[in-house]
Amino acid sequence: MATSFPPPPPAIPSVATTKNNLFASVDLGTNSFKLLIVSTDPSSGRFLTLNRIKEPVLLGLDTTITTASSTISATSIHRAISALLKFQQILHSHRVPSSNSRFVATSAVREASNQTQFLSAIHESLGHQVEILTGIEEASLIYLGVLQFYPVLNSTVLTIDIGGGSTEFTVGFKGNVLFSTSLKLGHVTLTQNFTQIMIMREHIRKEIEISDLFKKIKEFKIDVVIGSSGTIKAIEKAVCKGYASIVDENVQVFEEFYKREWRFSREELKGLVERLCEEEREIEGRGRREGFFKSRAGFILAGTILLDEIFERLEIQEMEVSGYALGEGVITETLGRVFEGFDLNANARWRSVVRLASRFNNKKRMKAAAICVGIAREIFQGLRKLNELRDNGDNDSDEGLVPLDEADLEYLEAACLLHNIGLCTGKKGYHKQSFRVIMNGNHLHGYNDKEVELIALLVRHHRKKFPKPNSPEGSTAEVKQKFRILCTIIRVSAALQPCLPIDCQNMEFIHSPEGFELVLNEARYEPLPHNVMQPLAGDINSLVEKELEHFRMVFKKKLSIVVSSNTS
């Protein structure tokens, strides 16, 4: 069967080591396969999602609870390999080293009677080995992922993750797993096997009772309960948008949501359950559900009822919701293997930046912000190297530059990630709204008032009017000069981001006596002349031209943007 698929694209030689802090995880789940690519700096702990792709493979459609094990059908194997080939192309285009990629399988493959056939088909088609996680391993990795989203290392945490074929429970403290278990309760298998809600509830209660879950978890003093996975995030989004209370509104009002609290209460969950149960009896209600929950609409009722029963049996009053889960946990564990002494709790304050950005941005704006971070980082590091040349006696280096350090890079990256959060209220004046959000509400934990103000000012001045020469007020001359440099970088990066080629994955900032070049490497799979230089894909608009001219005024050198088309 595997021979019917095209051969995978050839491996791409590794680029410079500094470019290879890219890590990826592929989660072969019961409902969907998920690819996650992150950029990470092990020395600082900054952890930034570059790409997140999901393919609805639905291995769980082959799963029943009437037999001891299930069989993955030939059709599902075909869907699985097709999805993985797509992921492999994306991994190659990002130039993620194969040693930094990890493929893991969960419940559906774990329970399949023909798992050997399934894994052999994948290896034959893609050349990848897939790890089958035990339920306990899966739960432990989810806990590691949650630790990258919430600064709860010193708290006793109960994590709950609802998957398509199973639900994982973990109690963790300081990065160590105190208790972990996996129950064969998932939103896909429950949907497939139960059409009556009361019978579904009875089955869930029986499984929880047999597991003795309540008694085992009550042995610990739980500080916080955190949920993860697509189902729980979808529930939080529905609560945030008031899905249960809005009856006649057009589903389009749900396309954007803002001010996510990343939590919901027991009462809010019950209200959502009641609304979804009512919709089961309404044709219009089912259409409304599909408009809001999209591909998850068919399974959301089972997932919500399952969580409702878990809340009831474990006496949970409120749940925090993590934007990170198994994929991030897999990458975190990989980092621990690759980088000796990697600190699980490194730079907890960066996580507050990510949470704030995730709270106000949808996936599209988060991806745009991450690209902006990548451009800014490349320019910053190029200018920093120029400083080093100057310190080593290079007379051609610019005299106007001041020393740039890791703290400056962190402020710049934080501002880039947060620069567009005000768009949730509309495009007009959104930079001012972003500034107000950052300055108010105590969102950025671990940063002092001056640091918060600096990040907020960079966001405020990433577009429109240039900052005043004495900004930030009351600062030293060196701080003001640094601010001017960082502001120039974020302005160019934010203006340039919408103009980038869709498949541009790598870039390089080059210095020469004539000026600077930002070289964008556009990955292609069609044969093209090697290393052909061409203008930026898409017209450089007047805004980009304006920012490039401002860059020339600040650094006394011209910055050119070019695209290098390299055949993959």
For the residue pair Phe149 and Trp262, categorise the inter-ring angle as parallel (less than 30°), tilted (30 to 60°) or perpendicular (more than 60°). perpendicular
Are the charged groups of Arg79 and Glu55 less than 4.0 angstrom apart, N to O? no
Between the side chains of Glu333 and Arg102, is the shortest nitrogen-to-carboxylate-oxygen separation below 4.0 Å, so that they form an ion pair? yes
With a 6.0 Å cut-off on ring centres, are Tyr324 and Tyr150 close enough? no
Salt-bridge test for Glu280 and Arg289: reply yes if a basic N is under 4.0 Å from a carboxylate O, no otherwise. yes
Answer yes or no: is there a donor N or O on one side and an acceptor on the other, between the side chain of Arg275 and the main chain of Lys270, under 3.5 Å? no
Under 6.0 Å from the six-membered ring centre of Tyr243 and within 45° of its axis: does the NZ or CZ of Lys237 meet both? no
Identify the residue among Ile122, Leu119, Val57 that makes a side chain to side chain contact (heavy atoms under 4.5 Å, CB included) with Leu28. Ile122
Would you indicate whether the side-chain heavy atoms of Ile160 and Met319 approach each other to under 4.5 Å? yes
Closer than 4.0 angstrom, basic N to acidic O: yes or no for Glu219 and Lys215? no
Glu312 bridged to Arg201 by N-O distance under 4.0 Å: no
Any salt bridge between Lys206 and Glu202, counting N to O under 4.0 Å? no
Less than 4.0 angstrom from a charged side-chain N to a carboxylate O is my criterion; do Arg110 and Glu138 meet it? yes
Could you check whether Arg46 pairs with Glu413 (Lys NZ or Arg NE/NH1/NH2 to Asp/Glu carboxylate O, under 4.0 Å)? yes
Using the benzene-type ring in the case of Trp, are the ring centres of Phe293 and Phe299 under 6.0 Å apart? no
